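Just below is one structure, and these are the notes that go with it.
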Amino acid sequence: MQDIKKRFWKQQIRLIIVVLAGAIGSTMLGAWLTSAHLDPAARVQTVFTSALMSAIVASLLLAYTLRQTMRYLRLHLKVRHMANCDDLTGLANRRSFTEQATARLAVAASVKIGLLLVDIDWFKRVNDTFGHEAGDETLVHMANTLVHAAPEGALVARLGGEEFTILCTIENESQLKDIAETVRRAGEAAGFIYRGDPIGVTISLGLSVARPGDTLSTLLNRADRALYDAKNRGRNRFALAA
């Protein structure tokens, strides 16, 4: 989104310079050619006045155009945000994650990529005990926890329900396990108070490392199987796909 704003302002600045230069230059040339009958001082004054008026008019028109364009840009960014972000947590949604993760996998020939599939343990109990609003607060709280616990540059997304994912570059499987343990501990420690009641949850994680020829689907499938393994072994732990 920041890239879009930078490109927008570069284009607008370029447009302003070109339009102002063109308007002032053409006006000065026209005034100079049509004032040949005047004495030099009057001729210069005519050219200067014409250029000044042209600059004022062009600036007003550019200001109006820029204001309208900015309104369209804000609308575009809002629609883009709604299409690519989870409306509850603000994380990338499944659609955005699929696009970004697929692009990262496509150019990952020289680096290893690890995926962590994260699921909140016994999340239904939170909804049943404290209500769905508390469940939503738990999801938001966990999303913020994962963002802060994930490595710099990682792609953090909510796939749906209480399931999240983190895609990151790694050096080896050992580093991926270290990241998973850091995330697990952060999730375990991320308790909060909701309307006077303490809410604490744990998370289980399924890990997978991208292999040559992997697609996002195969990477997710292995992580999903590992997640089930972590759940079956007692939850609040991680498992690495074979």
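Keep in mind the model is a prediction, meaning the values are calculated, not measured.
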Common cluster, [X]/[Y], ILVMFWY with side-chain heavy-atom separation under 4.5 Å:
{"X": "L146", "Y": "L167", "result": "no"}
{"X": "L155", "Y": "V209", "result": "no"}
{"X": "I113", "Y": "L117", "result": "yes"}
{"X": "L219", "Y": "V156", "result": "no"}
{"X": "L227", "Y": "V118", "result": "no"}

Pair listing, salt bridge (Lys or Arg N to Asp or Glu O under 4.0 Å) test, anchored in [range], at least two apart:
{"range": "residues 189-205", "result": "E133-R195"}
{"range": "residues 212-232", "result": "D119-K231, D121-K231, D214-R222, D229-R233"}
{"range": "residues 183-192", "result": "E181-R184, E181-R185, R184-E188"}
{"range": "residues 149-169", "result": "D86-R158"}

Spatial distance of atom [atom1] ([X]) from atom [atom2] ([Y]) [nearest 0.5 Å]:
{"X": "L216", "Y": "Q100", "atom1": "CG", "atom2": "CD", "answer": "11.5 Å"}
{"X": "L176", "Y": "S208", "atom1": "CG", "atom2": "OG", "answer": "8.0 Å"}
{"X": "L220", "Y": "T98", "atom1": "CG", "atom2": "OG1", "answer": "7.5 Å"}
{"X": "L29", "Y": "I24", "atom1": "CG", "atom2": "CD1", "answer": "13.5 Å"}
{"X": "D178", "Y": "Q175", "atom1": "CG", "atom2": "CD", "answer": "7.5 Å"}
{"X": "T129", "Y": "W122", "atom1": "OG1", "atom2": "CH2", "answer": "12.5 Å"}

Who are the salt bridge (charged side-chain N to carboxylate O under 4.0 Å, His left out) partners of [X], not counting sequence neighbours?
{"X": "R211", "value": "none"}
{"X": "E173", "value": "none"}
{"X": "D128", "value": "K124"}

Shortest non-hydrogen contact between [X] and [Y], atoms and distance:
{"X": "A241", "Y": "A226", "value": "N-CB, 3.7 Å"}
{"X": "L20", "Y": "S59", "value": "CD2-OG, 3.8 Å"}
{"X": "Y194", "Y": "F130", "value": "CE2-O, 4.3 Å"}
{"X": "I179", "Y": "P151", "value": "CD1-CG, 3.6 Å"}
{"X": "S50", "Y": "T27", "value": "O-CG2, 3.3 Å"}

For residues 135-143, tabulate all N or O donor-acceptor pairs below 3.5 Å that involve a side-chain atom, not counting sequence neighbours.
{"residue": "T138", "atom": "OG1", "partner": "A134", "partner atom": "O", "Å": "2.8"}
{"residue": "H141", "atom": "NE2", "partner": "A190", "partner atom": "O", "Å": "3.2"}

F164 vs I120 side-chain heavy atoms within contact, under 4.5 Å: yes
Under 3.5 Å: donor-acceptor pair, side chain of R237, backbone of R235: yes
What pairs of donor and acceptor atoms, side-chain ones from residues 60-70 against any protein atom, are under 3.5 angstrom apart with sequence neighbours left out?
{"residue": "T65", "atom": "OG1", "partner": "L61", "partner atom": "O", "Å": "2.9"}
{"residue": "Q68", "atom": "OE1", "partner": "R71", "partner atom": "NH1", "Å": "3.4"}
{"residue": "T69", "atom": "OG1", "partner": "T65", "partner atom": "O", "Å": "2.7"}

From I166, I170, T165, L207, residue fulfilling side-chain contact (heavy atoms from CB on, under 4.5 Å) relative to L115: T165
Transitive ILVMFWY cluster of V44, excluding itself - 4.5 Å side-chain cut-off: none
Those residues that, when tested against T49, pass side-chain hydrogen bond (donor to acceptor under 3.5 Å, both in side chains) (two or more places apart): Q45
Contact list for residues 208-235, test ring-ring contact (aromatic ring centres under 6.0 Å, His included), sequence neighbours left out: none
